[in-house]
Amino acid sequence: MQIKSYLKNLSPYPPGKTIDEIKRELNISEKICKLNSNENPLGPSPKVIEVLKNSLSQIHYYPEASYWKLRETLAKMWNVLPEQIILGNGSNEIIDFIFKTLVEPDDEIIISKPSFLMYEKFAQIYGAKIKAIALTEELTHNLDEILKNISEKTKIIFLDHPHNPSGSIIERKSWEKFLEKVPSHILIVIDEAYGDFIENPSIPLGIEFLKRGYKILVLRTFSKAWGLAGLRLGYGITFLELSKILDLVRQPFNINILAYKAGLAVLEDKEYIEKSINIVKEGRKYLTEALTDLGFKVYPSQANFIMVDFGERAEIFYKELFKRGILVRPLKAYGFPNALRISIGLPEENKLLVENLKDLLNISP
Ligand SMILES: Cc1ncc(COP(=O)(O)O)c(C=O)c1O
């Protein structure tokens, strides 16, 4: 058996630990404060729970293959055609479809270094060359450098916006200048996993540029603001020529029947989504101010997490918080050994984190 040569350097994705894993490791049964995977701290929408309970008796059926109602509802929300919506088992799966459809070995893809790790992972799986462009000093995508690195072999540019793990965003002027210069043979993937948490109304969303005719695919997920991470549901919005082929690449029934029903239910729960977004905006402000007051560098974020530079003490803080049942994400794998990424939690969880950090202030690395 010969494994493809370009799969030899594949490394595992470093996932955030689950509550069960943490309880096992710590041998505790108390409540865990889970601030490591940017999930929705409110739990699922009550409407989703109700629908799921009522749907359990139908799980012996396949779902409807076209997922028409969900695509139609999303299409109305974004004012596009249902055929422009492609559903994935998490937005991760759409990234897979994009590679399957467009990328041949030796094609180049451009990403920022660091950014969401799955772009690089899929590039490795499909044997594509990766051009990884360092972020600017403010930890934003370096669009000028990205432009300089475009070649005839470039197939796709991935931009997570807001950026993971910094939470940074791109101003309208920079977007406009950039998009004008990207050749039209290149697909630009604007990954808005955290797009719901952007507070500044002057920051444009990818859908606007798609409608203006740029070769864009917008990625959206139900995993964050919509509280369905465990059910795996995401989608892409793109131009018809691409969405049609992505839909053909997709295996039938890639969305399970419960995820499909839950997606429809949460889209109707306006109260829940508003609450989810507000809790993040308020918590983000509170944590940014409180941790800055404690003397740490907090990067400005428009996502449901903040990246904080703790200097040499990042690792010890991570370990000490972990022992106390507060879980945050170390950013060593992203190239920031001195930083931790903290998901915005419920107000009491955010407060607990601050209290514990205050308590740890005098600890040595
Ligand atoms: C930037 C970014 N894109 C996509 C995803 C994946 O989302 P999903 O759960 O929809 O696969 C994540 C998850 O953390 C993310 O940070």
Side-chain angles (χ1 to χ4, degrees), residues 12-18 34-41 44 67 70 74 85-99 109 111-123 125 132 135 139-141 156-170 188-198 205-206 216-237 246 250 254-256 258-260 262-263 266-267 276 280 299 301-307 327-331 333-334 336 339-344:
Y13 175 77
K17 289 178 198 283
T18 65
K34 192 172 182 314
L35 307 179
N36 65 338
S37 293
N38 306 335
E39 294 140 334
N40 191 322
Y67 303 109
L70 183 54
L74 290 167
I85 307 277
I86 168 96
L87 298 179
N89 195 273
S91 55
N92 275 341
E93 197 188 25
I94 313 275
I95 305 175
D96 191 12
F97 296 160
I98 297 168
F99 274 93
I109 67 139
I111 60 171
S112 289
K113 187 101 186 155
S115 57
F116 181 48
L117 298 174
M118 290 309 292
Y119 314 142
E120 190 164 348
K121 177 129 182 133
F122 279 118
I125 292 172
L135 298 172
L139 305 191
T140 57
H141 293 291
I156 313 171
I157 300 172
F158 283 95
L159 295 169
D160 39 3
H161 184 248
H163 172 257
N164 182 4
S166 73
S168 68
I169 36 94
I170 304 173
I188 304 167
V189 176
I190 304 181
D191 181 349
E192 293 177 352
Y194 305 102
D196 295 300
F197 306 111
I198 298 177
L205 294 179
I216 282 173
L217 184 144
V218 179
L219 276 180
R220 286 261 162 179
T221 182
F222 281 85
S223 298
K224 311 296 173 184
W226 304 80
L228 297 181
L231 279 180
R232 314 300 299 127
L233 184 61
Y235 59 102
I237 318 171
L246 290 174
R250 182 181 68 82
N254 63 324
I255 310 300
N256 71 72
L258 297 180
Y260 175 62
V266 74
L267 283 169
S276 299
V280 165
Y299 289 87
S301 168
Q302 289 285 287
N304 65 346
F305 54 82
I306 51 169
M307 173 171 160
L327 200 69
V328 297
R329 183 70 78 100
L331 291 180
Y334 286 80
F336 297 111
L340 300 175
R341 192 189 68 194
I342 301 168
S343 307
I344 311 300

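From a predicted model like this one, the values you see are computed outputs, not experimental measurements. Every number for a ligand or one of its atoms is a count from 1 in the order of the listing.
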* Please verify whether a non-hydrogen atom of G234 lies at under 4.0 Å from ligand 1. => no
* **Shortest reach to atom 1 (C) of ligand 1 by a heavy atom, considering only T221, D191, L231** => D191
* Step-by-step salt bridge (charged side-chain N to carboxylate O under 4.0 Å, His left out) determination, D196 to R220 -> CA-CA 9 Å; D196 295 300; R220 286 261 162 179; 3.1 Å; yes
* S223 neighbourhood, listing ligand 1 atoms whose heavy-atom distance to it stays under 4.0 Å -> 8 (P), 9 (O), 10 (O)
* If we only count N/O pairs under 3.5 Å, is Y119 in contact with ligand 1? -> no
* Tell me which part of E93 gets within contact of ligand 1: side chain, backbone, both or neither, using heavy atoms under 4.0 Å. => neither
* So, D191 and Y119: side-chain donor and acceptor under 3.5 Å apart, yes or no? -> yes
* Is R341 close enough and on-axis enough to F305, meaning under 6.0 Å and within 45°, for cation-pi? -> yes
* Structure fact -> ligand 1 to N92, heavy atom cutoff 4.0 Å, flagged ligand atoms 6 (C), 11 (O)
* atom 11 (O) of ligand 1 - nearest protein heavy atom and its distance -> R232 NH2, 2.8 Å
* Structure fact -> min-distance protein heavy atom vs atom 13 (C) of ligand 1 -> K224 NZ, 3.3 Å
* Asked: Should D160 be counted as touching ligand 1, given the test is an N or O pair under 3.5 Å?
  -> no
* **Which residues share a side chain to side chain donor-acceptor pair (under 3.5 Å) with S91, sequence neighbours left out** => none
* **Sidechain-backbone polar pair: H141 side chain, D160 backbone, donor-acceptor under 3.5 Å** => yes
* Structure fact -> Applying salt bridge (charged side-chain N to carboxylate O under 4.0 Å, His left out) to E93 and not counting sequence neighbours gives none
* **Residue pair E120 / I111: nearest heavy atoms and the distance that separates them** => OE1-CD1, 3.9 Å
* Asked: Angle class for the F116/Y13 ring planes (parallel below 30°, perpendicular above 60°, tilted otherwise)?
  -> perpendicular
* To do: Please state which part of N164 comes within less than 4.0 Å of ligand 1, counting heavy atoms only: side chain, backbone, both or neither.
  => side chain
* For ligand 1, is any non-hydrogen atom under 4.0 Å from S91's backbone (N, CA, C, O), its side chain (CB onward), both, or neither? -> both
* Asked: Under 4.0 angstrom from ligand 1, any heavy atom of H163?
  -> no
* **Residues K224 and E39 bridged, charged N to O under 4.0 Å** => no
* **For atom 16 (O) of ligand 1, closest protein heavy-atom neighbour** => Y194 OH, 2.6 Å
* **Proximity to ligand 1 by part of F222, non-hydrogen separation under 4.0 Å** => neither
